[in-house]
Protein chains: 2
Amino acid sequence: MRHDELADVNCSVARTWAVVGDRWTMLVLREVFRGQRRFEPIAERLGIGRNVLAARLRSLTDEGVLERVAYDDVPVRHEYRLTPKGEDLYPLLVALIQWGDAHQVDTPPVTLAHRGCGGTPEVRLRCAECDDELTRRDVEATFASDAW
Amino acid sequence: MRHDELADVNCSVARTWAVVGDRWTMLVLREVFRGQRRFEPIAERLGIGRNVLAARLRSLTDEGVLERVAYDDVPVRHEYRLTPKGEDLYPLLVALIQWGDAHQVDTPPVTLAHRGCGGTPEVRLRCAECDDELTRRDVEATFASDAW
DNA sequence: CAGTATCCTCGAGGATACTG
DNA sequence: CAGTATCCTCGAGGATACTG
């Protein structure tokens, strides 16, 4: 299966992976969430090829994750902003940070804090009904007949 | 930057990505979380090359995400089980499902339910201190001086 | 500054045959 | 059944020069 065929499969993991599951996309998004919205600073910070970055920004824009907005007139320049669909990827990004903090680094390179209260933002799996915190053993999965 | 160089960078996102950020790893883990622990059924369901699957299982085992356990004697056979470090990836997997459900599919191919209560498991970003639900605008990030 | 256009490399992944 | 061994392809990504 080629990478782009993931988008055709009836699985939400695969379909999401078709959008973010390559070497650079999540790191580009990390920069955007961090407040970098422009081509040059992102390219420089990541050390990514310019053609590759251009391709990623285009595909994220096509997918509706980013929005390309003009910020200057002469010459016309654009910056990239998260759409609501893009903002919805924030828990995913924090989940990546959280797992890395717990298992892949000694001391966390980034510290997150809830503005005001100062507490630590955490991604947790909870039941929308009873609000219990859940592990995978508390969860039962039912697959649709046409699920991949 | 080659894929494996992600592991050397001082960023929890990149370090996590070094483990799960390729075409197949999260889909292999999806199968394991689903209860498939053996080579043959995973290979068949995913349609992944046997050499590729073997390589992924080995790297996940090396990283301590999976554990290779003998389940038969003659001939000796092994199955792959999630370690606690691997179980910690469950919120990440659910985050992928959740985003895909919301934005990439019409009807969710998999339905999750909290055993007993029947409610929907959800990944949410909350403050560990005050328990408020947070968006990225509520979060302030502070970078260590040596952060990538 | 924000890309596009080219060219190139290399390694991830596919396919298949084989083995204990 | 659970891999290993080989060979091969192709496309993602790197590098660099160029442009409005």
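Numbered from 1 within each chain, the chains take letters A, B, ... in sequence-line order.
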Inset, instruction - Check salt bridge (Lys or Arg N to Asp or Glu O under 4.0 Å) between A:Glu79 and all other residues, then give those that pass, not counting sequence neighbours. - result: A:Arg37, A:Arg38, A:Arg81
Legend entry - Partner residues of B:Arg23 under the salt bridge (Lys or Arg N to Asp or Glu O under 4.0 Å) criterion, sequence neighbours left out: none
Inset, instruction - Could I get the full list of side-chain contact (heavy atoms from CB on, under 4.5 Å) partners for B:Arg34, not counting sequence neighbours? - result: A:Phe143, B:Arg30, B:Glu31, B:Arg45
Inset, instruction - Not counting sequence neighbours, which residues clear salt bridge (Lys or Arg N to Asp or Glu O under 4.0 Å) with A:Asp106? List them please. - result: none
Inset, instruction - Using only side-chain N and O atoms of B:Tyr71, determine if any of them is under 4.0 Å from OP1 or OP2 of D:dA2. - result: yes
Inset, instruction - Would you mind reading off the bend of the helix from C:dC1-D:dG20 to C:dG20-D:dC1 from its two end axes, five pairs each, to 10 degrees? - result: 50°
Inset, instruction - Can you tell me the distance, in whole Å, between the CG atom of A:Leu53 and the C1' atom of C:dG3? - result: 9 Å
Inset, instruction - Measure the distance from CZ on B:Arg68 to P on D:dA2 and round it to the nearest whole Å. - result: 11 Å
Legend entry - Salt bridge flag under 4.0 Å for residues B:Arg115 and A:Asp138: no
Report, one line per pair, each donor and acceptor closer than 3.5 Å where one atom sits in a side chain of residues 117-124 of chain A; sequence neighbours left out.
unit_1   : atom_1 : unit_2   : atom_2 : d
A:Glu122 : OE1    : A:Arg124 : NE     : 3.3
A:Glu122 : OE1    : A:Arg124 : NH2    : 3.2
A:Glu122 : OE2    : A:Arg124 : NH2    : 3.2

Legend entry - Backbone of B:Val65 reached by a side-chain donor or acceptor of B:Thr83 within 3.5 Å: yes
Legend entry - Close side-chain approach of B:Trp24 and B:Leu29, heavy atoms under 4.5 Å: no
Legend entry - salt_bridge(A:Asp101, B:Arg15) N-O dist < 4.0 Å: no
Legend entry - Nucleotide D:dA2, atom P - distance to OH of B:Tyr80 in whole Å: 9 Å
Legend entry - For B:His114, all residues meeting ring pair (Phe, Tyr, Trp, His ring centres under 6.0 Å), sequence neighbours excluded: none
Which protein N or O atoms sit under 3.5 Å from an N or O of nucleotides 11-13 of chain C?
unit_1 : atom_1 : unit_2  : atom_2 : d
C:dG13 : OP1    : B:Arg23 : N      : 3.3
C:dG13 : OP2    : B:Arg56 : NH2    : 2.0

Inset, instruction - Name every residue in residues 30-48 of chain A that has at least one heavy atom under 4.0 Å from any atom of DNA chain C, in order of residue number, or write none if there are no such residues. - result: A:Arg38, A:Phe39, A:Glu40, A:Pro41
Legend entry - Counterpart residues, side-chain contact (heavy atoms from CB on, under 4.5 Å), relative to A:Asp22 (two or more places apart): A:Thr25, A:Arg56
Could you pull out the protein-nucleic contacts involving nucleotides 17-20 of chain D (nitrogen or oxygen on both sides, under 3.5 Å)?
unit_1 : atom_1 : unit_2  : atom_2 : d
D:dG20 : N2     : A:Arg77 : NH1    : 3.3

Inset, instruction - Using a strict cut-off of less than 4.0 Å between a Lys/Arg side-chain nitrogen and an Asp/Glu carboxylate oxygen, indicate whether B:Glu44 and B:Arg50 qualify as a salt bridge. - result: no
Inset, instruction - Just jot down the salt bridge (Lys or Arg N to Asp or Glu O under 4.0 Å) partners of B:Arg136, sequence neighbours excluded, or say none. - result: A:Glu87
Inset, instruction - Please state whether the phosphate of C:dG3, meaning OP1 or OP2, lies under 4.0 angstrom from any side-chain nitrogen or oxygen of A:Arg58. - result: no
